[in-house]
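What follows is a short report on a single structure.
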Amino acid sequence: MPGTRSVPSAAGARSPRRSRGAWPIKRPVATMCSHGYRRHDLLRVEPEAWREMLVATGSLDGLAHGPQRLVEGWAERGLPVIVRRGTVGGDEHTIAVGLPLPPTLGKLRLGFFIPPEHMAARVAALSVTEAARSAPAHLRPQVEAAAGLGRRFGLQPAVFGALLWQHLTGLAYLQPGSDIDLIWPAPPRESLNELLDDLAELDKAGPNRLDGEIILSTGEGANWRELRGALACPGGTVLVKSMHGAELRCARHLFT
């Protein structure tokens with residue numbers, strides 16, 4: 001994606017090198033996570049372990065001064081990283097995590113691999129209701145409407161993307177036209193179509209594009225808009241993402 005990249009991490013893109021401590025290096029095997037975390041989980045890393053990892057893996061190499069300072073102090077400020085899908089070359093005993101930089105610092109998406117023992121705490125997901133309180137005034141009605149939609153269906157949607165990171169850091173992640181990214185637990189099959197139709201109406205009303213995923217009980221997720229389109233077609237398929245990869249699957253079979 002233009003404007004984004006991953007810096008070298010514990011299993012980064014460039015050739016591995018010996019590092020201080022026990023931080024994992026690149027291995028030629030596919031990542032199959034052995035921990036219990038799911039995509040979009042928010043985790044705090046122990047500050048000392050975070051600093052050691054940055055030095056040992058050269059993760060700050062090539063970053064400008066501003067991004068370097070932000071990333072160096074990330075864990076010290078108590079800010080979380082977000083769990084992401086692992087990549088080929090990752091260690092199965094580490095957690096693939098990421099953090100995005102705000103647009104003013106390059107809008108890069110930085111990826112790291114952290115051993116579970118260096119995680120300090122799991123951070124509660126940011127609810128849409130809570131996010132509405134800190135959302136910019138022009139977005140607040142749309143975010144509050146999404147919170148109301150959740151209450152009507154008995155669901156607790158969570159926020160990720162620019163709105164999440166702006167809320168957590170106080171930095172300007174939202175730009176004009178930024179998506180509002182939401183995670184919705186899958187409702188019962190009999191109310192799924194109604195939820196998807198209501199999301200489409202909320203998206204159409206704006207002012208910003210409403211994006212995000214429907215999360216299955218397995219932790220797998222599908223984009224709500226793509227899922228809606230697939231369910232409308234006999235045999236329609238949708239891209240389903242998990243901690244192990246992504247694959248096209250029959251949309252209707254996801255709920256049988």
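Sequential numbering from 1 along the given sequence is applied to the chain's residues. Hydrogens, waters and symmetry mates play no part in the numbers below; they use all other heavy atoms, side chains included.
- Arg44 places no side-chain N or O within donor-acceptor distance of the main-chain N or O of Ala121, the cut-off being under 3.5 Å.
- Taking every heavy atom of both residues into account, Pro80 and Val123 meet most closely at CB-CG2, 3.9 Å.
- Leu164 and Val159 make their closest contact through N-CG1, 3.6 Å (heavy atoms, listed as atom of the first residue, atom of the second, distance).
- Considering OG1 of Thr169 and CG of Leu99, their distance stands at 10.5 Å, rounded to 0.5 Å.
- Not one N or O on the side chain of Gln175 forms a donor-acceptor pair closer than 3.5 Å with the backbone of Pro103.
- Shown are Lys241, Arg85, Arg39, Arg249; of these, the salt bridge (charged side-chain N to carboxylate O under 4.0 Å, His left out) with Glu220 is made only by Arg249.
- With sequence neighbours excluded, the residues forming a ring-ring contact (aromatic ring centres under 6.0 Å, His included) with Phe160 are His40, listed by chain and number.
- The CG atom of Leu60 sits 12.5 Å away from the CZ atom of Arg51 when rounded to the nearest 0.5 Å.
- Each of Ile215, Leu149, Val128 was checked for a side chain to side chain contact (heavy atoms under 4.5 Å, CB included) with Trp184, and the lone residue meeting it is Leu149.
- Contacts of Arg225 classified as salt bridge (Lys or Arg N to Asp or Glu O under 4.0 Å), with partners at least two apart in sequence or in another chain: Asp203, Asp211.
- Here the CD atom belonging to Gln166 is positioned 11.5 Å from the CG atom belonging to Leu126, to the nearest 0.5 angstrom.
- Leu101 is listed as a side-chain neighbour of Val71, based on a closest heavy-atom distance under 4.5 Å.
- Here the side chain of Gln68 pairs a donor or acceptor atom with the backbone of Leu63 at under 3.5 angstrom.
- Following chains of ILVMFWY side-chain contacts shorter than 4.5 Å, one can reach Leu171 starting from Ile180, so the two form part of one hydrophobic cluster.
- With Leu254 as reference, Leu216 is the one residue of Leu216, Ile214, Leu192 to meet the side chain to side chain contact (heavy atoms under 4.5 Å, CB included) rule.
- Side chains of Val83 and Arg38 form no contact here, defined as non-hydrogen atoms less than 4.5 Å apart.
- Of the residues listed (Leu110, Leu79, Val45), the one engaging Trp74 in a side chain to side chain contact (heavy atoms under 4.5 Å, CB included) is Leu79, and it is the only one.
- Here the side chains of Leu182 and Leu199 are not in contact, with every heavy-atom distance at 4.5 Å or above.
- Residues Arg77 and Leu70 are in side-chain contact: their nearest non-hydrogen atoms beyond the backbone lie under 4.5 Å apart.
- Remark: the Thr129 side chain and the Ser127 side chain contain no N/O donor-acceptor pair separated by less than 3.5 Å.
- Side-chain contact between Leu174 and Pro136 is present, with at least one heavy-atom pair separated by less than 4.5 Å.
- When the shell of 6.0 Å around CD of Glu130 is examined, it contains more than 12 heavy atoms from other residues, nucleotides or ligands.
- Atoms CE and CZ, from Met243 and Arg84 in turn, are 9.0 Å apart once rounded to the nearest 0.5 Å.
- By the 4.5 Å heavy-atom criterion applied to side chains, Thr218 and Ser242 are not counted as neighbours.
- Note that CG of Leu105 and NE2 of His65 are 10.5 Å apart. Values are rounded to the nearest 0.5 Å.
- Between Ala162 and Tyr173, the shortest heavy-atom distance links the atoms O-CB, 3.5 Å.
- At a threshold of 4.5 Å between non-hydrogen side-chain atoms, the residues His167 and Leu163 do not count as touching.
- With hydrogens and angles disregarded, a donor-acceptor distance shorter than 3.5 Å links the side chain of Arg140 to the backbone of Ala135.
- The two residues Gln142 and Asn208 have their closest heavy-atom pair at NE2-O, 2.8 Å.
- For residues 111-121, no residue pair satisfies the salt bridge (charged side-chain N to carboxylate O under 4.0 Å, His left out) rule, not counting sequence neighbours.
- Rounding to the nearest 0.5 Å gives a distance of 4.5 Å between CG of Asp41 and CZ of Arg122.
- Closest of all the heavy-atom pairs between Glu226 and Asn223 is N-OD1, 3.0 Å.
- Here the shortest heavy-atom pairing between Phe153 and Ser191 reads CE2-O, 3.6 Å.
- For Arg209, the CZ atom is densely surrounded, since the number of other residues' heavy atoms within 6.0 Å is greater than 12.
- Under the 4.5 Å side-chain criterion, counting only non-hydrogen atoms from C-beta, Phe113 is not in contact with Thr57.
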